[in-house]
Engineer: 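I am attaching a structure below and will ask some questions about it afterwards.
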There are 2 protein chains.
Amino acid sequence: MAKSVARLKDIAEQTGFSVNTVSLALRGSARIPDETRAVILQTAERMNYLPNQVAQSLVRRETRSVGLILTDLKNPVLTAVAQAVELELSKRGYTTLFATSNNILSREAEMIETFRSRRADGMLIFPCSHRQLDHIRALRNRNYPVVLLVGDPDARIDAVCMDERAGAFKAVAHLINNGHSNVALIDGAALLGNTEKQEGYLRAHAMMGLTPDPRLMLDPKGASVAAGFWAMDELRGRKVHFSAVFAANDSLALGSLRYCCKNGLRVPEDIAIVGFDNIEFAEYAVTPLTTINYDVMRVTKLAIERVLELIGAAGELPEARVTQVEPELVVRESSSWRYVATG
Amino acid sequence: MAKSVARLKDIAEQTGFSVNTVSLALRGSARIPDETRAVILQTAERMNYLPNQVAQSLVRRETRSVGLILTDLKNPVLTAVAQAVELELSKRGYTTLFATSNNILSREAEMIETFRSRRADGMLIFPCSHRQLDHIRALRNRNYPVVLLVGDPDARIDAVCMDERAGAFKAVAHLINNGHSNVALIDGAALLGNTEKQEGYLRAHAMMGLTPDPRLMLDPKGASVAAGFWAMDELRGRKVHFSAVFAANDSLALGSLRYCCKNGLRVPEDIAIVGFDNIEFAEYAVTPLTTINYDVMRVTKLAIERVLELIGAAGELPEARVTQVEPELVVRESSSWRYVATG
DNA sequence: GCCCATAGTATTATCGTTAATACGCTACAT
DNA sequence: ATGTAGCGTATTAACGATAATACTATGGGC
């Protein structure tokens with residue numbers, strides 16, 4: 001905290017009015033005559049006074065701050081979420097307390113406790129695991145406003161999120177419809193309990209009466225471009241035929257694409273690739289990437305409205321609601337050489 | 001703020017001890033016998049007590065929070081900075097207050113005031129403009145601990161940062177040394193007053209006795225891949241010969257690369273490209289990108305140490321110091337077809 | 001001239017915590 | 001027995017603001 005900043009008391013001493021009069025004047029009370037207010041305002045200005053929000057928070061019993069806990073910022077989509085959250089919150093006079101869990105459950109729990117201790121009015125959480133949510137549910141049960149950014153309709157916790165299952169379904173169905181009956185899956189999230197994309201992948205197969213070879217489902221051990229590159233190499237080593245790849249995010253997909261490039265595999269002729277998230281680099285890749293897109297800004301706004309609604313709720317929190325936004329498939333060259341021919 | 005949370009007073013009433021005894025017991029004072037402490041600890045646990053940091057901050061006159069203001073999070077390097085800052089601060093028991101200025105000076109000033117009002121113990125700022133720093137200097141002059149993440153040795157404000165001028169110099173000197181005497185510059189930062197990279201570009205030319213054609217210096221009007229694509233098109237339209245491009249960040253460079261790809265220009269044979277920042281996508285591009293790399297984690301750690309040092313300083317702040325970390329050139333195929341031949 | 005409404009300002013309590021100090025009791029030395 | 005050291009706990013006053021209430025002039029009505 002900056003050393004020696006002006007307080008109401010200092011302004012009071014300077015002007016000769018009481019602390020309360022100064023407080024009322026600065027807050028624009030009608031009980032203070034214009035002349036008095038002018039003197040006080042001017043003195044406050046001169047002394048560079050800014051209300052101490054710590055003291056205000058104590059007496060008002062609200063901090064006007066919201067905690068944001070993400071897994072990490074390596075994924076450009078989470079980055080976009082972070083920025084959108086901060087923007088929307090600050091528009092509404094709230095400050096963002098920020099933390100990352102690095103996919104470590106204990107760290108997630110720790111950051112939640114930190115924010116609770118700081119009396120954040122509410123929290124937005126992108127949980128490490130979409131299944132282990134007991135610590136978050138406990139929070140909600142104690143009437144703390146929490147909104148998850150990935151949702152499980154059965155979790156009994158509010159959530160506003162993109163429907164990953166539907167997105168994965170669309171991606172894989174698109175590949176199967178384009179004649180690919182052997183689609184590989186590059187996705188490591190299932191190990192953390194986040195099986196939505198895998199479920200979409202399986203459901204798309206089931207719908208078409210196909211059963212994917214389990215050897216085509218690979219954990220890339222990371223979410224980076226390098227991991228995608230490695231995963232592709234590993235898949236090829238398994239000697240199981242596949243003509244298409246669905247990667248759980250665009251970084252992985254771009255890594256796969258790079259692998260193909262380097263190893264003389266044509267995309268999409270030899271291997272079709274579909275990513276997820278529609279990051280900017282996807283569109284400008286050697287072979288523009290087919291991917292799953294959703295409106296980050298819209299989801300974020302809804303999430304913020306939800307958390308502010310919970311914060312505003314008097315007494316008991318309302319019943320938890322899960323809002324899932326349907327993502328859309330963006331078809332580009334990497335999945336459709338017909339598209340190459342015509343486009 | 002969550003409704004009705006346990007306070008020291010509640011524990012005091014439950015156990016029959018006074019508030020102060022409870023406070024001392026929870027903080028592990030030696031004056032409290034083990035038996036008393038055990039009772040209090042157990043009751044606190046049962047009531048799910050967590051100290052109210054708002055009240056603590058008020059009485060301790062420090063919030064153990066640091067404000068982080070970035071321009072935006074679209075640049076993966078700033079993202080990495082944000083994550084590293086949060087990690088390092090939380091290791092040291094500090095919370096990160098986060099905001100973005102979107103390169104709008106008034107918003108930057110506003111967020112600074114917000115954090116000051118919240119009594120953040122210090123701030124780390126990536127300013128929109130490296131020249132208009134009066135509002136930040138004023139803060140420092142009032143003894144507020146601030147550390148900039150881009151530095152001007154003459155600004156009389158502490159800074160820990162990468163030496164952008166030196167980085168740009170290395171990039172352009174590398175191109176010139178490889179036989180490119182007409183190097184284009186794609187960089188829009190100079191309009192905001194951030195001329196470091198441009199200066200490096202000019203200095204590299206001057207050093208070699210060259211004067212760049214001003215028509216080869218282009219403002220891409222943005223920092224995205226799309227902007228880089230557009231800039232390349234614009235440059236070619238100017239009908240001034242150039243055989244190499246230095247782009248102010250890797251997104252711009254990847255956009256340029258994509259343009260070349262699409263328009264039959266070979267990289268590096270027809271056009272050499274050098275980027276800046278060494279984001280992961282640079283390495284895995286069609287033509288791996290030569291770029292400027294620096295150790296984000298190291299710079300971040302130094303910056304945090306500096307701000308905590310300022311926070312810890314009793315009385316007047318010490319003289320401002322600017323620490324610049326030298327970045328390094330990472331040569332890949334995009335700038336050197338000799339490298340292609342051998343590598 | 002007196003009462004009362006009202007405008008303008010001050011007083012006091014409060015938020016949840018910490019810090020300094022005070023108090024009461026036991027035990028011990030003298 | 002008596003002063004005193006020390007231990008365990010309580011009391012009180014901050015921190016910087018807000019909110020409810022309490023004063024104190026002043027002016028108007030009769």
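Just so we're on the same page: letters track the sequence lines, and every chain starts at 1. Worth saying up front: this structure is predicted, and the values here are computed from it rather than measured.
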Engineer: May I ask you to check whether B/S65 and A/R118 show a side-chain donor-acceptor distance below 3.5 Å?
Structural biologist: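 Absent: no donor and acceptor within the cut-off.
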Engineer: Of the options A/T96, A/V147, A/I311, which is the one that meets A/V66 in a side-chain contact (heavy atoms from CB on, under 4.5 Å)?
Structural biologist: A/I311
Engineer: Below the 4.0 Å mark, does D/dA17 have OP1 or OP2 next to a side-chain nitrogen or oxygen of A/S23?
Structural biologist: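 For D/dA17, OP1/OP2 do not have a side-chain N/O of A/S23 under 4.0 Å.
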Engineer: Without decimals, in angstroms, what is the distance between A/N52 CG and C/dC15 C1'?
Structural biologist: 13 Å
Engineer: Do the side-chain N or O atoms of B/R27 get closer than 4.0 angstrom to the phosphate oxygens (OP1, OP2) of C/dA19?
Structural biologist: yes
Engineer: Between A/N143 and A/E316, which heavy-atom pair has the shortest distance, and what is it?
Structural biologist: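 Reported closest heavy-atom pair: ND2-OE2, 3.3 Å.
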Engineer: Between A/E62 and A/R64, does any NZ, NE, NH1 or NH2 come within less than 4.0 Å of an OD or OE carboxylate oxygen?
Structural biologist: yes
Engineer: Distance alone, cut at 3.5 Å: any donor-acceptor contact between the side chains of B/H135 and B/E108?
Structural biologist: yes
Engineer: Quick one: do the A/S57 and A/R119 side chains pair a donor with an acceptor below 3.5 Å?
Structural biologist: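 Their side chains do not contain a donor-acceptor pair, so the 3.5 Å distance test is not met.
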Engineer: How many Å lie between CD on A/E62 and P on D/dT18, as a whole number?
Structural biologist: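 Spelled out: CD on A/E62 to P on D/dT18 is 12 Å.
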Engineer: Expressed as a whole number of angstroms, how long is the span from A/R118:CZ to C/dC15:P?
Structural biologist: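 Taking CZ of A/R118 and P of C/dC15, I get 23 Å after rounding.
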Engineer: Set out, line by line, the N/O atom pairs under 3.5 Å between protein and nucleotides 9-13 of chain D.
Structural biologist:
from: D/dT9; atom 1: OP1; to: B/T36; atom 2: OG1; distance (Å): 3.4
from: D/dT9; atom 1: OP2; to: B/T36; atom 2: OG1; distance (Å): 3.1
from: D/dT9; atom 1: O4; to: B/R31; atom 2: NH2; distance (Å): 2.3
from: D/dA10; atom 1: OP2; to: B/S18; atom 2: N; distance (Å): 2.5
from: D/dA10; atom 1: OP2; to: B/S18; atom 2: OG; distance (Å): 3.1
from: D/dA10; atom 1: OP2; to: B/T21; atom 2: OG1; distance (Å): 3.0
from: D/dA10; atom 1: N6; to: B/N20; atom 2: OD1; distance (Å): 3.4
from: D/dT11; atom 1: O4; to: B/N20; atom 2: ND2; distance (Å): 3.4

Engineer: So, OP1 or OP2 of D/dG16: does either fall under 4.0 Å of a side-chain N or O from A/Y49?
Structural biologist: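 No, no such contact exists.
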Engineer: Over all heavy atoms of both residues, which pair between B/A303 and B/L149 is shortest? Give the atoms and the distance, please.
Structural biologist: CB-CD2, 3.7 Å
Engineer: Is it true that B/E86 and A/R107 have a side-chain N and a carboxylate O under 4.0 angstrom from each other?
Structural biologist: yes
Engineer: Can you see if the side chain of B/R61 gets near the phosphate of D/dG16 - specifically, an N or O under 4.0 Å from OP1 or OP2?
Structural biologist: yes
Engineer: For C/dT17, take OP1 and OP2 only and decide whether either is under 4.0 Å from a side-chain N or O of B/Q53.
Structural biologist: no
Engineer: Just the rounded figure in Å: distance from P of C/dA19 to CG of B/L8.
Structural biologist: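 Result: 12 Å.
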Engineer: In whole angstrom, give the distance that lies between atom CZ of A/R7 and atom P of D/dA17.
Structural biologist: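 Answer to the nearest Å: 8 Å.
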Engineer: Tell me: CZ of A/R37 to P of C/dG8, nearest whole Å?
Structural biologist: 10 Å
Engineer: Side chains of residues 25-35 of chain A: which donor-acceptor pairs under 3.5 Å do they make with residues two or more places apart or in other chains?
Structural biologist:
from: A/R27; atom 1: NE; to: A/S23; atom 2: O; distance (Å): 3.4
from: A/R27; atom 1: NE; to: A/S23; atom 2: OG; distance (Å): 3.2
from: A/R27; atom 1: NH2; to: A/S23; atom 2: OG; distance (Å): 2.9
from: A/S29; atom 1: OG; to: A/R31; atom 2: N; distance (Å): 3.0

Engineer: Which nucleotide, D/dA19, C/dG16, D/dG16, lies nearest any side-chain atom of B/V59?
Structural biologist: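 Shortest atom-to-atom distance from the side chain points to C/dG16.
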Engineer: Roughly what angle, to 10°, lies between the helix axis at the start of the helix from C/dG1-D/dC30 to C/dT30-D/dA1 and the one at its end, five pairs per end?
Structural biologist: 70°
Engineer: For A/E35 and C/dA7, give me the distance from atom CD to atom C1', rounded to whole Å.
Structural biologist: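 For the pair A/E35 CD and C/dA7 C1', the rounded distance is 14 Å.
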Engineer: What is the distance, to the nearest angstrom, from the CZ atom on B/R60 to the P atom on C/dA20?
Structural biologist: 12 Å
